[in-house]
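Inspection log for the structure reproduced underneath, given as structure tokens.
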Amino acid sequence: MAIRVAVIGAGAAGLCAVRHLASRPSTFSVTAFEQGEKVGGTWVYTEKTGTDAHGLPIHSSMYKNLKTNLPKEVMAFPDFPFDRNLPSFVKHSEVLEYLEQYASHFNLLQHIKFQTQVVKVEPVASEESKTKTGLGEKWEVTTAPATDRDCCVTEEYDAVIICNGHYSVPLIPKLPGLDTFQGQIMHSHNYRHPEAFKDKTVLCLGAASSGQDISIDLSSTAKMVYLCHNRDPIQSPLPPNLQQKSGIRSINGSTITLLDGEEVTADWILFCTGYHFTFPFLDDKCHVHIDTDERITPLYKHLIHTEFPSMSFIGICKTICPFPQFHVQVLLALGVLDGTVQLPSKEEMDADTEADLQKRLAEGLPRRYAHTMGNRQWAYNDEIASLAGIPQIPRAVQNLYDAIHLNRVKDLVNYKKNNYMLLDEENFVRLDN
Ligand code: FAD
């Protein structure tokens, strides 16, 4: 009998899981649950903020003018390229179309229950599941229609793959005096377009991808944008009304005191300070812990629950090239379920996870970087691919990703104007525009 797998979420990660599960019907049967009306997750742009028509929190964090910060040549799943006629840096709507095409090409929609929210997942010890997966537990998955959340249904599965995304629940730092601020505040999750900030002074706090991109978008209409952060200064030329400043120390009414002692005023503070991980549907019996530094335990390779290996999490890592990483992670998770991958003991897996954290701390990274990859992602992806016994992500993807990173550092405003093509496993070429 097939191993019954529940997939939670039908964004890029969930679609990737469904694609590979559904391609092996004699081994797996798959049901994916998606609380929204369509596939695509965060790429389903909406003008709305707050809650949707059914009272569920808006999931997407897309803004109107967003173009990808990675070229489509590296963003793509390894087995499904983007339309080659598109430019390298595509609009959010074109990424959504790509994901819709992926779902339709691999016939995935039949496996997805839309407008169905997973409200509870709990493990139940089971001999039956043990014989199917060798992993020893069954899962009760309770879902509710988005349209009537009192109407719950509970079904049993042998495995659960969690793909609920982690760019939806805003993380706003506790700043002394924030409650006294006389201007307005917003988190980047709710940012949609720059017109709302016309002629205003906006302080963007945080200069990771969103902070950089949104502050440039804002500079098209705002009077002044202060990009406040604690990183090394951005070296690229910036618009004249976009100034870098240090992070916020405290706020007192209309005065914002920065870490270097400077005082500024602003009409808005826009928090580009990231997001919380959240798995509100996981019962305490799932033994998944998110600590105050946003570190999730107990996960082997940021992916497999070490106590319950029939539960996996796709897409936990940050600062990555997401879709290719989802691909290798999904295939490792499936290998664990079908028994082709033999995991080390729980103690060995937990020791590996701890060693990974200690290595980061020894390099001077704060604990909150426990799942952050950056340059580590390529060795990690290779390791996951090797454990799964599948081909590595072509080196050309890394080479182009690294080249784009350098271009972004040099010219943050214009780096998306160039187009690229992958030539072979190793090489890419920049095309004349
Ligand atoms: P999501 O896309 O968030 O999908 C999760 C899905 O799970 C959603 O559809 C949600 O409705 C569903 N869900 C959640 N909880 C439940 C539940 N309880 N029951 C049922 N369904 C549930 N990546 C790039 O590669 N290039 C970029 O340029 C890029 N730019 C980005 C810009 C922004 C502003 C953001 C926020 C992200 C960007 N990313 C980019 C990263 C992006 O998040 C990933 O590419 C990827 O889309 C994440 O997919 P996911 O499936 O993990 O999560």
Side-chain angles (χ1 to χ4, degrees), residues 6-18 31-46 52 54 56-77 82 88-92 94-96 98-99 102-103 112-121 141-146 149 160-170 187-192 208-214 217 272 274-275 277-282 313-327 329-330 377 397 401 404 408 416:
V7 174
I8 303 177
L15 288 174
C16 182
V18 179
T31 306
F33 300 103
E34 168 51 55
Q35 65 192 7
E37 290 172 359
K38 53 197 293 194
V39 301
T42 200
W43 299 100
V44 181
Y45 175 75
T46 170
D52 68 11
H54 308 298
L56 290 176
I58 295 288
H59 184 83
S60 177
S61 299
M62 284 295 133
Y63 35 98
K64 191 182 81 181
N65 296 332
L66 181 134
K67 278 191 179 176
T68 57
N69 58 11
L70 298 173
K72 69 179 198 305
E73 290 73 20
V74 309
M75 266 186 73
F77 290 113
F82 276 74
S88 281
F89 294 88
V90 296
K91 297 183 214 156
H92 57 72
E94 291 163 331
V95 180
L96 180 61
Y98 166 82
L99 292 172
Y102 180 83
I112 305 170
K113 292 190 180 172
F114 289 100
Q115 293 204 287
T116 307
Q117 186 182 38
V118 173
V119 292
K120 190 170 177 189
V121 175
V141 176
T142 304
T143 58
R149 297 219 287 290
V160 179
I161 303 186
I162 297 172
C163 307
N164 65 326
H166 53 86
Y167 295 114
S168 273
V169 181
H187 187 275
S188 57
H189 174 58
N190 296 317
Y191 176 74
R192 293 294 180 267
S209 304
S210 292
Q212 292 185 7
D213 204 54
I214 289 176
D217 195 34
C272 300
Y275 294 86
F277 286 108
T278 168
F279 309 105
F281 44 81
L282 292 185
F313 296 72
I314 308 300
I316 294 301
C317 299
K318 302 182 199 174
T319 319
I320 52 161
C321 188
F323 301 1
Q325 186 170 98
F326 297 169
H327 174 93
Q329 287 185 325
V330 163
Q377 68 182 303
V397 170
Y401 181 101
I404 296 302
R408 181 166 43 220
K416 296 183 184 178

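All values derive from a computational prediction rather than experimental measurement. All ligand and atom numbering here is 1-based and tracks the order in the structure.
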Does ligand 1 have a heavy atom under 4.0 Å from the side chain of H166, from its backbone, from both, or from neither? neither
Atom indices of ligand 1, in the order listed, that fall short of 4.0 Å to a heavy atom of C163: 5 (C), 6 (C), 7 (O)
Any side-chain heavy atom of F313 within less than 4.5 Å of one from N164? no
For ligand 1, find out whether one of its N or O atoms is nearer than 3.5 Å to an N or O atom of T68. no
When you look for heavy atoms under 4.0 Å from ligand 1, do you find them on the side chain of L66, its backbone, both, or neither? side chain
Among non-hydrogen protein atoms, atom 7 (O) of ligand 1 lies closest to G9 CA, 3.2 Å
Expected output: side-chain D217 to main-chain R192 donor-acceptor under 3.5 Å: no
Protein heavy atom at shortest distance from atom 45 (O) of ligand 1: F323 CE1, 3.2 Å
With a 4.5 Å limit on heavy-atom distance, are the side chains of Q329 and C317 in contact? yes
Quick check against the 3.5 Å criterion: does R149 have a side-chain atom that pairs as donor or acceptor with the backbone of V119? no
Please list the nearest protein heavy atom to atom 19 (N) of ligand 1 with its residue and the distance rounded to 0.1 Å. V118 N, 2.9 Å
When distances are taken from atom 20 (C) of ligand 1, the protein heavy atom at minimum range is Q35 N, 3.3 Å
If you compare all heavy atoms of T143 against all heavy atoms of T116, which two are closest, and at what distance to 0.1 Å? CB-CG2, 3.5 Å
Which protein non-hydrogen atom lies closest to atom 53 (O) of ligand 1, naming both residue and atom, and how far is it? G165 CA, 3.2 Å
Please confirm whether Y275 approaches ligand 1 to less than 4.0 Å, judged on its heavy atoms. no
Atom indices of ligand 1, in the order listed, that fall short of 4.0 Å to a heavy atom of S61: 34 (C), 36 (C)
Which residue holds the protein heavy atom closest to atom 2 (O) of ligand 1, what is that atom called, and what is the gap in Å? T42 N, 2.9 Å
For E34, the ligand 1 atoms with a heavy-atom partner under 4.0 Å come out as 6 (C), 7 (O), 8 (C), 9 (O), 10 (C), 11 (O), 12 (C), 20 (C), 21 (N)
Verify side-chain hydrogen bond (donor to acceptor under 3.5 Å, both in side chains) between S88 and E73, making sure each step is shown before the conclusion. CA-CA 7 Å; S88 281; E73 290 73 20; 2.9 Å; yes
For the side chain of Q377 and the backbone of C321, is there at least one donor-acceptor N/O pair under 3.5 Å apart? yes
Return the residue, atom name and 0.1 Å-rounded distance of the protein heavy atom closest to atom 24 (C) of ligand 1. M75 CE, 3.6 Å
Side chain to side chain donor-acceptor pair (under 3.5 Å) partner of S61, chosen from Y191, Y167, Y45, Y275: Y275
Would W43 count as being in polar contact with ligand 1, using the rule that some N or O on each side must be under 3.5 angstrom apart? yes
Positive for side chain to side chain donor-acceptor pair (under 3.5 Å) with D213, one of K67, K416, R408: K416
One finds that the ligand 1 atoms under 4.0 Å from a non-hydrogen atom of F33 are 20 (C), 21 (N)
Protein contact to atom 33 (C) of ligand 1 [nearest heavy atom, distance to 0.1 Å]: M62 CE, 3.5 Å
If you take all heavy atoms of T31 and K113, which pair is closest and at what distance? CG2-CE, 4.0 Å
Mark the output for L99 as yes if a heavy-atom distance to ligand 1 is under 4.0 Å, and as no if none is. no
Give a yes/no on ligand 1: does G315 have at least one heavy atom closer than 4.0 angstrom to it? no
Name the orientation class of the two ring planes belonging to F281 and F279 (parallel below 30°, tilted from 30 to 60°, perpendicular beyond 60°). perpendicular
Sub-4.0 Å atoms of ligand 1 with respect to non-hydrogen atoms of T116: 20 (C)
Please report whether ligand 1 has a polar contact with N69, defined as an N or O pair separated by less than 3.5 Å (distance criterion only). yes
One finds that the ligand 1 atoms under 4.0 Å from a non-hydrogen atom of F281 are 18 (N)
Correct closest heavy-atom pair for A146 and L56 would be CB-CD1, 3.9 Å
At a 4.0 Å cut-off, with the gap strictly under it, does some heavy atom of T143 reach an atom of ligand 1? no
List the atom of L99, the atom of W43, and the distance in Å for their closest heavy-atom pair. CD1-CD1, 3.7 Å
Shortest reach to atom 25 (O) of ligand 1 by a heavy atom, considering only P324, G36, P322, A13: P322
Heavy-atom nearest pair, A13 first then V330, reads O-CG2, 4.4 Å
Of F326, Y191, Y167, the one whose closest heavy atom lies nearest atom 48 (C) of ligand 1 is F326
Should one rank H59, Q115, Q117 by closest heavy-atom distance to atom 3 (O) of ligand 1, which comes out on top? H59
For H187 and G274, indicate whether the former's side chain and the latter's backbone hold a donor-acceptor pair under 3.5 Å. yes
